Amino acid sequence: MQYWLMKSEPDEVSIDDVLAAPKHIVSWFGVRNYQARNFMRDAMRPGDGVLFYHSSCAQPGVAGLAEVASAAYPDATQFEAGGKYHDPKATAEQPRWSAVDVRALKKTRLLPLAEMRTIPALEDMVLLQKGSRLSITPVSAGQWNTIVKLLNKG
DNA sequence: GCCAACGTTGGC
DNA sequence: GCCAACGTTGGC
């Protein structure tokens, strides 16, 4: 059992959007960064905890709790010629990019990035490191517990 | 819109 | 393999 933080632009897919989807599940496609892909393909397991993070918006921060709902599978958008996520070097035999299913569990209060930066127990979070841009980052059990408590505190 | 930081590409 | 140029991310 591991924990992750996954960034989504709420203009694209917000926590509300996922909760409105059938079974509260969406496919996490479109990742085009090798490190993030490797986390999905090599380390994520169904049931892993996910902090659903809203990025590139007025109020960046953790907006909900979710879980990994599938093993990794080839991201179909890499094969879509002319599509935004097309990768001409990817083939069905040798897919390059992976996706996983993510199930939203609950919307929480927004835990702003700025507040997270003030919490000493979170200072080692990959998200908070200088220059960190990864859309999927690991979260330690201690960081997860700290954040869940902060979310419940309201 | 700005810009720091990072990742990728491609010439050599 | 080096590295300059370019593109992207994402907070502010």
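Proteins come first, then strands; the chains are lettered A, B, ... in the order of their sequence lines, and each starts at number 1. What you see is a predicted model; the values in this text were computed from it and never measured.
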* Rounded distance in Å - CD (Q59(A)) to P (dC12(C)) -> 11 Å
* Under 4.0 angstrom between K130(A) side-chain N/O and dA4(B) OP1 or OP2 -> no
* Provide, to the nearest angstrom, the distance between the CG atom belonging to L134(A) and the P atom belonging to dT9(C). => 12 Å
* Sub-6.0 Å ring centroid separation between W97(A) and Y34(A) -> yes
* Asked: OP1 or OP2 of dT9(C) less than 4.0 angstrom from a side-chain nitrogen or oxygen of Y53(A), does that happen here?
  -> no
* Asked: dT8(B) P sits how many Å from Q35(A) CD, rounded?
  -> 9 Å
* Among the candidates dG7(B), dG10(C), dG11(C), find the nucleotide nearest to the side-chain atoms of L113(A). => dG11(C)
* Structure fact -> Nearest heavy-atom contact between V31(A) and I136(A) is CG2-CD1, 4.2 Å
* Structure fact -> To the nearest angstrom, the CG-P distance between L5(A) and dG11(C) comes to 11 Å
* Between W28(A) and F52(A), is the gap from one ring center to the other below 6.0 Å? -> yes
* To do: Evaluate the ring planes of W4(A) and F39(A), with Trp represented by its six-membered ring, and classify them as parallel (under 30°), tilted (30 to 60°) or perpendicular (over 60°).
  => tilted
* E115(A) CD to dG11(C) P: how many Å, rounded? -> 16 Å
* Send over the distance from Y34(A) OH to dT8(C) P, rounded to a whole Å. => 15 Å
* To do: Write down the distance between CD (Q129(A)) and C1' (dC6(B)), rounded to a whole number of angstrom.
  => 15 Å
* What integer distance in Å separates R133(A):CZ from dT8(C):P? -> 11 Å
